[in-house]
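Numbers for residues simply follow the sequence, beginning at 1. Side-chain atoms are counted along with the backbone in the values below, which use heavy atoms only and exclude waters and symmetry mates.
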Amino acid sequence: MFIMGLIYVLVAVVACVTVYYGVKFIEYSWNVIVSKKPPFVPAIDTERAAVVQQINLYYQHAKTVLELGSGYGGLARYIARNTSAHVIGVERMPATALISWGLDKLYSANSRTVWGDVFQYLENMGGRADVAVAYMGPNVTSGLIAYSKKFDVLISVDFAVPEIKPRRVIDVCKGYTRYAGKKYPHRLYVYEFNRG
């Protein structure tokens, strides 16, 4: 009896792991191969700490922070725990957004995940955010400038926006992100938009 119960538990665990990795494979294939979007890569701990440091040093009165392309929401929840801002993560992949939403419910009252395309979210967003944080590949990040009226500050992780000069560039640590065969050093690019 005990051995049969153990077998059922093991089969259930294997089934859950198989479904999880199957969904991740489908999402990755859709995102990278079909949609030509950058693959999900989580921000490293030193990048997360550097983003929070920038917010706390320069934008401590920020009430709303958008984390664009938030993946599983680790950076969004980290910002929510270490600043006084309310954080909204926007993620386009449904299973990833669902996992992030569940983790928000468990670990962060000050962070929530929204499922949707970043650009559609910005297009339809009422009001404005104080800070937007993006870790989304160079071409996608450049597209955010068209929505700069929706946020006062853009902190881009690893990818510069070539069309405009950043207010600050912070070297985070040694190492790099590899994207489309090119190495991008771990840096933050901080852009401020004048509302005057």
Side-chain angles (χ1 to χ4, degrees), residues 16 19-21 23-24 26-28 30-31 35 37-137 140-141 143-159 172 188-193 195:
C16 288
V19 168
Y20 171 76
Y21 282 107
V23 168
K24 279 187 66 145
I26 291 167
E27 285 190 340
Y28 179 87
W30 176 262
N31 210 32
S35 300
K37 302 283 184 180
F40 166 69
V41 177
I44 60 175
D45 290 344
T46 51
E47 289 174 321
R48 292 178 185 191
V51 167
V52 164
Q53 182 183 41
Q54 288 298 300
I55 293 169
N56 286 333
L57 275 176
Y58 298 100
Y59 316 110
Q60 63 268 31
H61 300 296
K63 290 185 173 45
T64 305
V65 173
L66 298 176
E67 213 266 280
L68 305 172
S70 58
Y72 294 111
L75 177 56
R77 285 185 294 279
Y78 187 84
I79 294 168
R81 281 192 307 270
N82 294 287
T83 70
S84 59
H86 176 73
V87 183
I88 301 166
V90 183
E91 174 54 44
R92 71 187 294 265
M93 300 309 295
T96 303
L98 180 63
I99 291 168
S100 181
W101 179 82
L103 291 170
D104 290 344
K105 295 293 182 194
L106 288 173
Y107 298 111
S108 179
N110 216 21
S111 172
R112 72 179 173 94
T113 300
V114 175
W115 171 42
D117 178 78
V118 164
F119 298 106
Q120 287 177 353
Y121 181 83
L122 290 169
E123 187 76 36
N124 299 321
M125 182 176 92
R128 217 174 71 217
D130 299 299
V131 177
V133 178
Y135 187 20
M136 305 189 315
V140 180
T141 302
L144 293 174
I145 298 308
Y147 297 93
S148 61
K149 291 183 178 170
K150 297 289 188 168
F151 40 81
D152 296 330
V153 176
L154 171 63
I155 301 174
S156 179
V157 181
D158 288 353
F159 303 110
V172 176
L188 299 185
Y189 298 89
V190 181
Y191 302 91
E192 294 179 352
F193 303 98
R195 300 298 170 206

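In this structure the side chain of D130 never reaches within 4.5 angstrom of the side chain of V153, judged on heavy atoms. Here the side chains of L144 and L122 are in contact, with some heavy-atom distance below 4.5 Å. Using a 4.5 Å cut-off on side-chain heavy atoms (C-beta onward), R48 and I79 make no contact. Put simply, the side chain of L188 reaches to within 4.5 Å of the side chain of Q54, judged on heavy atoms. Taking the side chain as every heavy atom from C-beta outward, V118 and M136 approach each other to under 4.5 Å. Looking only at side-chain heavy atoms (C-beta outward), I55 and I155 come within less than 4.5 Å of each other. S70 is listed as a side-chain neighbour of E91, based on a closest heavy-atom distance under 4.5 Å.
With sequence neighbours excluded, the residues satisfying side chain to side chain donor-acceptor pair (under 3.5 Å) with Y59 are R168, E192. With sequence neighbours excluded, no residue forms a side chain to side chain contact (heavy atoms under 4.5 Å, CB included) with S84. Annotation: side chain to side chain contact (heavy atoms under 4.5 Å, CB included) contacts of I145 (sequence neighbours excluded): L154, V161, I164, F193. Applying the side chain to side chain contact (heavy atoms under 4.5 Å, CB included) rule to A85 yields the partners V65, T83; only residues at least two apart in sequence or on another chain are considered. Residues forming a side chain to side chain donor-acceptor pair (under 3.5 Å) with T141 (at least two apart in sequence, or on another chain): none. Every residue two or more places apart in sequence or in another chain that forms a side chain to side chain contact (heavy atoms under 4.5 Å, CB included) with L103 is listed here: R77, I99, Y107.
Across all their heavy atoms, L68 and A132 have their closest contact at CD1-CB, 4.0 Å. Between A62 and V131, the shortest heavy-atom contact is CB-CG2, 4.1 Å. Nearest approach of R112 to Y121, heavy atoms of both residues: NH2-OH, 4.5 Å.
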- Would you check, one step at a time, whether the test side chain to side chain contact (heavy atoms under 4.5 Å, CB included) holds for E67 with I88? CA-CA 6 Å; E67 213 266 280; I88 301 166; over 6 Å; no

Go through the steps for Y189 and F159 under the test ring-ring contact (aromatic ring centres under 6.0 Å, His included), then give the verdict. CA-CA 7 Å; Y189 298 89; F159 303 110; 8.6 Å; no

| task | Any chance you could lay out the side chain to side chain contact (heavy atoms under 4.5 Å, CB included) test for T64 and F151, step after step, and finish with the verdict? | result | CA-CA 9 Å; T64 305; F151 40 81; over 6 Å; no

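For the atom pair CG (L75) and CG (D45), the distance works out to 10.5 Å, reported to the nearest 0.5 Å. Between atom CZ of residue R92 and atom CD of residue Q120 there is a gap of 9.5 Å, rounded to the nearest 0.5 Å. Distance check: K149 NZ to R128 CZ gives 11.0 Å after rounding to the nearest 0.5 Å. Atom OH of Y78 sits about 12.0 Å away from atom CD of E47, to the nearest 0.5 Å. Between the OH atom of Y72 and the CE atom of M93 there is a distance of 9.5 Å, given to the nearest 0.5 Å. Note: Y135 OH to S156 OG = 10.0 Å, rounded to the nearest 0.5 Å.
Side-chain atoms of T113 and D104 include a donor-acceptor pair closer than 3.5 Å.
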